Amino acid sequence: MLDAQSRLVDFPSLEGRVYLNSAAESIPPQAVHEAAKKYWQHKSMGMDGRVSHNAEMEVCRESAARMLEKKVSEISFCSCSSEAYNLLGSALALGASDEVVVSDLDFPAGATPWLTATARPEVKLWENREGELELEDLESLLSERTQLVQVSLVSFLNGYRLPWVPFRDLVRRLAPNAILSVDITQAFGRVELDCLDADCIISSTHKWILGSHGGCVVAIPEAKAERLTTHAGGWFHIDNPFGVGRFEQANVKKGVASFSVGMPNYPAIYALRAGMDYIQSVGVAEIARHADPLVQQVHEGLADMGIKPMAPFAPDCRSGIVAFMHEKVDAANEALRKDDVHVMHHAGRIRIAVHGYNQQEDVDRLLAVLRAVLV
């Protein structure tokens, strides 16, 4: 993954093109392709394949537990981060007297469930300043009424990475009743995680972790299990789905197990297991050591063109994303596509995402095209 030779072996679809869009869709390694084939082999066995499906899910749970430094019993899976956040809303069952804090750098999945609730809590917005979230702006938003503080470790919008420890300490001090929930979708598999003491950790599976669509990892420590048990219907998360009295009472499993409400998306679980195992075989720290200098080079290259990224470069709090806005972004994106350089282009913004399979020549090619159009 980290050099040109291994990249061609593990990611053959990258030959001849520059792919800098892993924050939207990652390129899965060959191991994930093989895992998908393995799923279909087991599915072709009919009901007998369920034994293999469930065994794969438990191995996937163990792999996620290693990466997130959790007990196996503190890991569960659902279909996407949107489902996970709606289930979190079900568990918290907040009302008009409660307060929720979200940031304007968060993805909609983590910010909107509280806006659509039947008994809507008071939602307070932590607004960024020049692409950064300042702790002094958060202080006035926190109180004993705060029941949830929801953030992204790395922002999908601009790549800003939250300095976790001072943020966590402030929330714990000023909002002692708050659940601290963090979306790690734009960090999982790419940066070393320092937020593993959060009360709820959620990540989609089709981005940096190299899995497929239709999956989501949820981690909740046992200490928060009672409070974070959903009130959703279903069957997979219920102790007595087919037992006597099942139509009189549903006995929901506690904590994170309550987030797996229906039939698991086994294809996504096979892919996720393979993606996580691949990432662990390389090492997240090694990926960061390889890719972070390339991210820095993007920042420096943009600065040389007089372009200010949407979030500043932070040596002690790095991510894999650089984003910028420019009046010529449409022309820049058109030129990049013609040169087979793939980035995210949306609403006047270009977002560049650097993963472990990216190389020096990728960044050189990106900056050369941008320089020809924007300077």
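Only heavy atoms go into these numbers, but all of them, side chains included; no hydrogens, no water, no symmetry mates. Small disclaimer: the values here were computed from a predicted structure and weren't measured. One is the number of the first residue; the rest follow in order along the sequence.
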Modelled atom types, side-chain donor and acceptor of [X] and [Y], under 3.5 Å:
| X | Y | result |
| --- | --- | --- |
| Q360 | D364 | yes |
| E222 | S73 | yes |
| N265 | S79 | no |
| S260 | S76 | yes |

Under the rule for ring-ring contact (aromatic ring centres under 6.0 Å, His included), what residues qualify as partners of Y278, not counting sequence neighbours? F11
Could you list the residues that satisfy ring-ring contact (aromatic ring centres under 6.0 Å, His included) with F236, not counting sequence neighbours? none
Is the distance between the ring centroids of H42 and Y270 under 6.0 Å? yes
Please indicate whether [X] has more than 12 foreign heavy atoms, meaning atoms of other residues, nucleotides or ligands, lying under 6.0 Å from its [atom1].
| X | atom1 | result |
| --- | --- | --- |
| H231 | NE2 | yes |
| W40 | CH2 | no |
| K253 | NZ | yes |
| E144 | CD | no |
| R17 | CZ | yes |
| E361 | CD | yes |

Would you kindly confirm whether L105 and M325 end up in one hydrophobic cluster when ILVMFWY residues are joined by side chain heavy atoms under 4.5 Å apart? yes
Going only through I, L, V, M, F, W and Y residues with side-chain contacts under 4.5 Å, is there a path from V354 to I350? yes
Please check this pair: side chain of Y357 against backbone of I27, looking for a donor-acceptor N/O pair closer than 3.5 Å. yes
Partner residues of R246 under the salt bridge (charged side-chain N to carboxylate O under 4.0 Å, His left out) criterion, sequence neighbours left out: none
Filter on side-chain hydrogen bond (donor to acceptor under 3.5 Å, both in side chains), then keep only pairs touching residues 87-109, sequence neighbours left out; what's left? E99-K124, E99-S143, E99-R145, D104-N128, D106-Q150, D106-S152
Listing, residues 284-291 side-chain donor-acceptor contacts under 3.5 Å, not counting sequence neighbours, or none:
from, atom 1, to, atom 2, distance (Å)
E286, OE2, R289, NE, 3.3
E286, OE2, R289, NH2, 2.4
H290, ND1, L2, O, 3.4
H290, NE2, G356, O, 3.4
H290, NE2, N358, O, 2.7

I need the single residue from D292, L210, I321 that forms a side-chain contact (heavy atoms from CB on, under 4.5 Å) with R190. Which is it? D292
Here the salt bridge (charged side-chain N to carboxylate O under 4.0 Å, His left out) pairs for residues 171-186, sequence neighbours left out, are R172-D199
Give me the ring orientation class for Y19 and H342: parallel if the planes are under 30° apart, tilted from 30 to 60°, perpendicular past 60°. tilted
Name the orientation class of the two ring planes belonging to F324 and H326 (parallel below 30°, tilted from 30 to 60°, perpendicular beyond 60°). perpendicular
Any chance you could lay out the side-chain contact (heavy atoms from CB on, under 4.5 Å) test for R365 and D340, step after step, and finish with the verdict? CA-CA 10 Å; R365 198 155 130 194; D340 211 6; 3.7 Å; yes
